[in-house]
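Every heavy atom of this structure was used, including side-chain atoms; hydrogens, water molecules and symmetry mates were not.
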Amino acid sequence: MVEMIVKAVGENKLAQATLTLTDADIQVHLETSVVNLPLRYVNAMKKMLADDDTLPVSIYSIIESPDVNVSSLRIDKVASADDFVSHQAIWPNPLRLG
């Protein structure tokens, strides 16, 4: 997921990487965005932003599960896109463990 988001940032693209846990009703997303809304709410974002706005891109973690809270949605800013890319080595990579 981290590598995909880093690649999207390098290509100046918005992106979403999703991990779905099959044994529980949970989805974990990493997304690039200019606001803390899931990318699927692009129409709401358009209402909030002007066409000439230039905003910094950040990385958000989005957890979707009925067990998270009443709205079943939790959104947290992970880092600015630049910080995320420059510190990507700290993100866990299960292929490098052990």
Side-chain angles (χ1 to χ4, degrees):
M1 290 174 70
V2 170
E3 290 173 3
M4 182 196 158
I5 295 298
V6 168
K7 181 179 179 195
V9 169
E11 296 173 352
N12 291 319
K13 294 181 179 179
L14 295 180
Q16 176 191 71
T18 302
L19 172 67
T20 301
L21 303 176
T22 57
D23 61 343
D25 191 11
I26 300 172
Q27 285 192 329
V28 179
H29 311 275
L30 279 181
E31 293 189 3
T32 60
S33 189
V34 294
V35 295
N36 65 340
L37 283 175
L39 290 175
R40 69 176 178 260
Y41 296 117
V42 70
N43 289 333
M45 287 183 209
K46 287 179 184 178
K47 293 176 186 177
M48 297 169 48
L49 306 170
D51 288 340
D52 59 348
D53 283 345
T54 301
L55 300 170
V57 173
S58 294
I59 311 304
Y60 294 91
S61 69
I62 301 170
I63 310 295
E64 293 186 83
S65 170
D67 297 325
V68 170
N69 56 33
V70 175
S71 71
S72 298
L73 186 68
R74 180 180 172 117
I75 304 169
D76 293 294
K77 181 178 176 180
V78 175
S80 71
D82 291 339
D83 285 348
F84 189 85
V85 169
S86 66
H87 293 92
Q88 66 181 302
I90 68 167
W91 306 112
N93 182 338
L95 299 177
R96 285 187 261 172
L97 299 177

Report task. Work out which heavy atom in Ala8 is nearest to a heavy atom in Ala15; give both atom names and the distance. Result -> CB-CB, 3.4 Å

Query - Closest non-hydrogen atom pair, Val78 against Ser61 - result: CG2-N, 3.6 Å

Query - Criterion side-chain hydrogen bond (donor to acceptor under 3.5 Å, both in side chains) on Asp82 and Ser80, from CA distance to verdict - result: CA-CA 5 Å; Asp82 291 339; Ser80 71; 5.5 Å; no

Between atom [atom1] of [X] and atom [atom2] of [Y], what is the distance when rounded to the nearest 0.5 Å?
X	Y	atom1	atom2	value
Asp76	Ile63	CG	CD1	7.5 Å
Phe84	Thr32	CZ	OG1	10.0 Å
Asp25	Asp67	CG	CG	8.0 Å
His29	Met1	NE2	CE	8.0 Å
Ile5	Glu31	CD1	CD	7.5 Å

For residues [X] and [Y]: do they belong to one hydrophobic cluster (side chain heavy atoms under 4.5 Å, members Ile, Leu, Val, Met, Phe, Trp, Tyr)?
X	Y	value
Val2	Leu21	yes
Ile26	Ile75	no
Val9	Met4	no

Report task. Answer yes or no: are there more than 12 heavy-atom neighbours, outside Arg40 itself, under 6.0 Å from its atom CZ? Result -> yes

Requested in this report: Give me the one residue out of Val68, Leu37, Ile62 that meets side-chain contact (heavy atoms from CB on, under 4.5 Å) with Leu73.
Outcome: Ile62

Query raised in the report: Is a donor on one side and an acceptor on the other found under 3.5 Å between the side chain of Thr20 and the backbone of Gln27?
Result: no

Query - Test item: Ser33 and Val57 side chains (from C-beta on) under 4.5 Å apart, heavy atoms - result: no

